[in-house]
Participant: 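Sharing a structure below in structure tokens format, with a few things to ask.
Residue numbers start from 1 in every chain, and the chains themselves are labelled A, B, ... in the order their sequence lines are given, proteins ahead of strands. These values consider heavy atoms only, across backbone and side chains, with no hydrogens, waters or symmetry-generated copies.
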Protein chains: 2
Amino acid sequence: MVFLCYVCSMGVTRTEIFTEQQNRIADLAKAFSHPARVAILQLLIARKACVCGDLVDELELAQATVSQHLKELKRIGIIQGEINPPRVCYCINPAVWEEARRAFGSILESFEGVTCCN
Amino acid sequence: MVFLCYVCSMGVTRTEIFTEQQNRIADLAKAFSHPARVAILQLLIARKACVCGDLVDELELAQATVSQHLKELKRIGIIQGEINPPRVCYCINPAVWEEARRAFGSILESFEGVTCCN
DNA sequence: AATACTTATCGCAATATTGCGATATGGTAT
DNA sequence: ATACCATATCGCAATATTGCGATAAGTATT
């Protein structure tokens, strides 16, 4: 007798069983969950001007790799790119940054410091 | 003529080229970068008492899967487990939670809202 | 010792992520 | 048109993550 899993999604995150909020927080956290992306975000903030391919020089990563991290940050929405040929000017998306600030602030402040095991 | 990559680390995050701080932020962000872990953290906060295997009932995930997420959260240090046979009582680690609050607060507040492309 | 209970770990399958060389793309300048 | 420049995308290799059934490990109870 063989039982098949009702929806064979092996190894894939089961987003459908979580709330919108939980999925969004997880997505926003992905922006910060790789040191290269942290570095990119810090650079974009430090030079208020949006360094573009200069990122490739600053980081010791191949251009393709940097481009891919930028793509992921764009997918999340936390940065935006303005085409300014032949360059692309990247910068923080203020609205999504604010969303992240609220989201992380909300969850991080919700812990009052009370635990049972201490 | 063939050039070999000086350190053939294909597909592995190059932590050595980033700062301690950047790597730590990335690691702390991993605690929040999966909806199941967000849900677990929220549950641990909501019931100040540390629900243990109750997490398995609350979440629609197999016990093994929940256990693995707990292990990851423990590795990061943001939760701690107190063995209370036959159960294990999990709760937020206040010190590391505070570290996360500072770390995310620091980077999230460092953006002043100024961008070049808007 | 045997049983019951909870949690951790193993092993596997599948998908996701990371990194990068090579190449394509979209635009300017000559 | 051609050459050039910066960036995006492709394709590959390798590692990491996710999910879960099965099993092991640890302890309390009988």
Participant: For A/Met10 and D/dA22, give me the distance from atom CE to atom P, rounded to whole Å.
Facilitator: 11 Å
Participant: Write down the distance between CG (A/Asn23) and P (D/dT18), rounded to a whole number of angstrom.
Facilitator: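 One finds 13 Å between P of D/dT18 and CG of A/Asn23, rounded.
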Participant: To the side chain of A/Ala62, which of C/dC20, D/dT18, C/dT17 is closest?
Facilitator: C/dC20
Participant: Within the structure provided, determine whether A/Glu72 and A/His34 are in side-chain contact (heavy-atom separation under 4.5 Å).
Facilitator: no
Participant: Between A/Lys71 and D/dT7, does any side-chain N or O lie under 4.0 Å from OP1 or OP2?
Facilitator: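 So the side-chain polar atoms of A/Lys71 never come under 4.0 Å of the phosphate oxygens OP1 or OP2 of D/dT7.
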Participant: Tabulate protein N/O versus nucleotide N/O from nucleotides 3-6 of chain D, keeping only pairs under 3.5 Å, one per line.
Facilitator:
unit_1 : atom_1 : unit_2  : atom_2 : d
D/dA6  : O4'    : A/Pro86 : O      : 3.4

Participant: Looking at D/dG19, I'd like to know if its phosphate oxygens (OP1 or OP2) sit under 4.0 Å from a side-chain N or O belonging to B/His34.
Facilitator: yes
Participant: Heavy-atom distance under 4.5 Å between the side chains of B/Asn23 and A/Val38, does that happen here?
Facilitator: no
Participant: Nearest whole Å is fine: how far is D/dA16 P from B/Ile76 CD1?
Facilitator: 15 Å
Participant: For B/Leu55 and C/dA8, what is the distance between atoms CG and P respectively, to the nearest whole Å?
Facilitator: 10 Å
Participant: Apply side-chain contact (heavy atoms from CB on, under 4.5 Å) to B/Leu59 and B/Leu43, showing your working.
Facilitator: CA-CA 10 Å; B/Leu59 306 171; B/Leu43 281 168; 4.2 Å; yes
Participant: How many whole angstroms separate atom CZ of A/Arg75 from atom P of C/dA16?
Facilitator: 11 Å
Participant: Mind calculating the distance between CG (B/Leu70) and P (D/dC20) to the nearest angstrom?
Facilitator: 14 Å
Participant: Is any side-chain nitrogen or oxygen of A/Lys30 closer than 4.0 Å to OP1 or OP2 of C/dA16?
Facilitator: no
Participant: Specify the residue among A/Gly11 and A/Ile83 whose closest nucleotide of DNA chain C lies further upstream toward the 5′ end.
Facilitator: A/Gly11
Participant: Taking the nucleotide of DNA chain D with the closest heavy atom to each, which residue, B/Leu61 or A/Thr65, is nearer the 5' end?
Facilitator: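 This one resolves to A/Thr65.
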Participant: OP1 or OP2 of D/dT17 sitting under 4.0 Å from any side-chain N/O of B/His69?
Facilitator: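 No, because none of the side-chain N or O atoms of B/His69 sits under 4.0 Å from OP1 or OP2 of D/dT17.
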Participant: Please say yes or no: joined through hydrophobic side-chain contacts below 4.5 Å, possibly via intermediate residues, are A/Ile17 and B/Leu55 part of one cluster?
Facilitator: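 A/Ile17 and B/Leu55: one cluster.
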Participant: When you measure from the side chain of A/Arg37, which nucleotide among C/dA8, C/dT18, C/dG19 comes out closest?
Facilitator: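 Closest of the options to the side chain of A/Arg37: C/dT18.
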Participant: Which heavy-atom pair separates A/Glu60 from B/Arg14 by the least distance, and what is that distance?
Facilitator: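 Looking at all heavy atoms of both residues, the closest pair is O-NH1, 3.2 Å.
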Participant: Is the phosphate of C/dA8 approached by B/Tyr90 (side-chain N or O, under 4.0 Å from OP1 or OP2)?
Facilitator: yes
Participant: Hey, does the side chain of A/Ser67 come within less than 4.0 Å of D/dT7's phosphate (OP1/OP2), counting only N and O?
Facilitator: no
Participant: Without decimals, in angstroms, what is the distance between B/Leu73 CG and C/dA8 C1'?
Facilitator: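 One finds 15 Å between C1' of C/dA8 and CG of B/Leu73, rounded.
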Participant: I need the B/Ile78 CD1 to B/Leu44 CG distance, nearest 0.5 Å.
Facilitator: 10.5 Å
Participant: Between atom CD in A/Gln68 and atom P in C/dA22, what is the gap in whole Å?
Facilitator: 17 Å
Participant: Does any donor-acceptor pair link the side chain of B/Gln63 with the base of C/dA8 at a separation under 3.5 Å?
Facilitator: yes
Participant: In this structure, are over 12 heavy atoms from other groups packed under 6.0 Å from B/Arg102 atom CZ?
Facilitator: no
Participant: What orientation do B/Phe32 and A/Phe104 show, parallel under 30°, tilted 30 to 60°, or perpendicular over 60°?
Facilitator: perpendicular
